[in-house]
Every structure is written in structure tokens, then in C-alpha cells.
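Below is one structure, written out as C-alpha cells; the observations come after it.
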Amino acid sequence: MRRILIVEDEEAIANLIRTVLTDAGYQCTWASDGLQAADLLENNPFDLALLDIMLPGADGYELLEYCKSLEIAVIFLSAKGEVEDRVRGLRAGAEDYLPKPFALPELLARVDTVLRRCGKGAGILKVAEDIEIDTSFHIVKKAGRPVALTAKEYDLLVLFAQNPNIVLHRERIYERVWGEIYLGDSRTVDLHVQRMRKKLGLEERLTAIYKVGYRLEG
Ligand code: CA
């Protein structure tokens with residue numbers, strides 16, 4: 001399920017957005033100010049952030065910089081709908097810009113489009129240029145051809161694909177994929193990661209971080 005952070009200081013608007021996106025199958029989190037949004041962005045893997053521009057704490061442009069460094073797509077939602085504001089937002093790196101007031105179906109269409117364009121729509125997770133995961137059918141393809149992975153290898157790949165450029169600790173990997181408390185046996189994680197990596201030719205991109213865990217270069 002794709003995760004969306006809604007950053008909007010007007011609760012009524014945030015609630016409307018959340019309702020329409022949740023009904024469409026997205027998992028939504030709401031932040032009412034810029035600092036809370038920055039905390040959430042740092043600590044959770046979001047696919048997309050909907051950013052109001054004028055916010056208490058930190059404004060939308062500052063949050064956009066955070067999102068860019070975390071490779072989270074951004075759509076600005078703002079009452080500042082003048083052409084120069086839109087141009088500034090898009091030039092700064094937002095994927096789209098929707099002036100307020102907007103129609104909810106239009107917002108949904110733009111969200112779908114941006115996620116699809118970023119390789120995050122319709123259950124497709126992109127791992128690399130030539131590797132993608134179809135999460136609806138549990139299929140992994142490399143250069144268009146299916147690659148057979150065990151269930152654990154598949155879950156590991158999804159976890160890395162959802163957290164590109166982030167060092168994942170062995171403990172967290174184990175607890176997420178095996179669903180059990182990590183008791184320090186790193187060999188299980190290492191063995192599975194190494195096998196999965198080899199099958200997909202990801203040795204260069206999925207690297208071990210000494211004594212910590214692994215990171216997938218996005
Ligand atoms: Ca505002």
C-alpha cells in the first residue's frame with residue numbers, strides 16, 4: 001500500500017483529503033505543522049508528500065528539500081496559486097502543483113499520476129532501472145523476465161525497495177521479514193540477503209554496512 005503524508009494546517013481540508021485518498025486505497029498520515037512533518041518524514045517511508053506551502057514551523061519549500069533528499073515525491077497544494085508560485089514550486093523539484101481550492105477527484109487523479117510516473121503506482125515497486133516488483137502478483141522481474149525468489153527473499157527485496165538509500169539495521173530487517181524478535185543471529189539475515197542479491201545481480205547496489213546492516217542504493 002502506498003503511503004502518503006498530508007501536510008496541511010487546516011484540519012478540515014486535511015480530513016477531506018485523507019478521506020478521499022484512504023477510500024482510494026492509500027495509507028495516509030497527517031501533519032499539521034512543518035516540524036511535525038519533518039519528524040514524520042525522517043522516521044517513516046513515505047511514497048508521496050502533499051505539501052501546503054504556508055505552514056507553521058517550517059514552510060512547504062523547506063519540507064520539499066527534505067523530501068528530495070529522501071526521494072519522496074511532492075505535490076504542492078497551495079492557495080498561493082499565482083503563476084510565479086507554481087513555477088517556483090515546480091522548479092524547486094515538486095512533481096506537481098495544485099492551487100486551492102481544488103476538486104477532490106482532480107487531486108486523486110494527480111496523486112495517481114505522480115505515483116505511477118515515479119514507478120510507485122498500481123502495486124509496481126521499482127528496485128533498479130531493470131528490476132521491478134509487482135506487489136499485486138508477488139512477481140519480480142529483471143529486464144522483463146520473472147526471477148524466482150523464496151518468500152523471505154521476496155519480502156527482503158520489498159523492504160529494501162521501500163527504503164532506498166537508507167541503512168536498514170539487521171535487527172529491523174529480521175523483525176520486519178521474519179516477524180520475530182532479533183536475538184543477534186545475523187547469519188540468517190546475511191544468508192538470505194546474499195542469495196537474493198546474487199539472483200538479481202544487485203551485489204553492487206545492495207551493500208553491506210559493516211556491523212550495521214544493508215543499504216540499497218536508489
Ligand atoms: Ca496553510
Side-chain angles (χ1 to χ4, degrees), residues 1-126 135 158-159 161-168 172 176 218:
M1 190 183 274
R2 305 278 68 86
R3 283 181 255 212
I4 300 177
L5 178 65
I6 301 162
V7 188
E8 168 62 69
D9 55 336
E10 287 174 62
E11 188 171 3
I13 297 178
N15 280 337
L16 281 173
I17 296 172
R18 181 156 56 178
T19 303
V20 75
L21 294 180
T22 304
D23 286 350
Y26 293 109
Q27 188 180 321
C28 298
T29 305
W30 172 47
S32 60
D33 71 68
L35 298 178
Q36 185 194 2
D39 277 347
L40 285 164
L41 286 165
E42 275 178 7
N43 295 304
N44 300 276
F46 290 105
D47 299 292
L48 173 71
L50 300 178
L51 303 181
D52 185 16
I53 291 182
M54 288 180 287
L55 290 161
D59 72 17
Y61 294 116
E62 290 175 67
L63 292 174
L64 173 65
E65 296 306 316
Y66 259 79
C67 291
K68 278 177 8 193
S69 65
L70 296 165
E71 298 200 326
I72 297 167
V74 166
I75 298 177
F76 275 129
L77 306 176
S78 180
K80 297 180 73 162
E82 297 300 324
V83 171
E84 55 264 39
D85 294 316
R86 294 198 210 188
V87 170
R88 181 180 172 195
L90 294 170
R91 283 224 187 280
E95 293 290 330
D96 207 344
Y97 193 114
L98 200 51
K100 289 178 187 169
F102 49 80
L104 290 168
E106 182 179 4
L107 171 69
L108 180 58
R110 295 209 188 198
V111 165
D112 288 343
T113 303
V114 165
L115 287 171
R116 200 162 50 235
R117 193 161 68 214
C118 299
K120 293 173 172 177
I124 300 291
L125 262 178
K126 231 168 157 48
T135 56
V158 169
L159 180 64
Q162 287 171 334
N163 297 278
N165 303 311
I166 294 171
V167 179
L168 294 178
R172 180 169 169 217
R176 283 283 295 271

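Numbering of ligands and ligand atoms starts at 1, following listing order.
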Original post:
Do any N or O atoms from the side chain of D33 and from the backbone of L35 form a donor-acceptor pair under 3.5 angstrom?
Top reply: yes
**OP:** For a side chain to side chain contact (heavy atoms under 4.5 Å, CB included) with I17, tell me which candidate from I6, I4, L108 qualifies.
**Re:** I6
Subject >> Residues, nucleotides or ligands: over 12 heavy atoms within 6.0 Å of Y66 OH >> reply: no
Original post:
In terms of side-chain geometry, is the basic nitrogen of R110 or E106 positioned less than 4.0 Å from the acidic oxygen of its partner?
Top reply: yes
Subject >> Chi angles and distances behind the side-chain contact (heavy atoms from CB on, under 4.5 Å) call for L168, L159 >> reply: CA-CA 9 Å; L168 294 178; L159 180 64; 3.8 Å; yes
Subject >> Heteroatom count (protein N, O or S) under 3.0 Å of the Ca ion (ligand 1) >> reply: 3
**OP:** Mark yes or no for whether K68, through its side chain, and A92, through its backbone, hold a donor-acceptor pair below 3.5 Å.
**Re:** yes
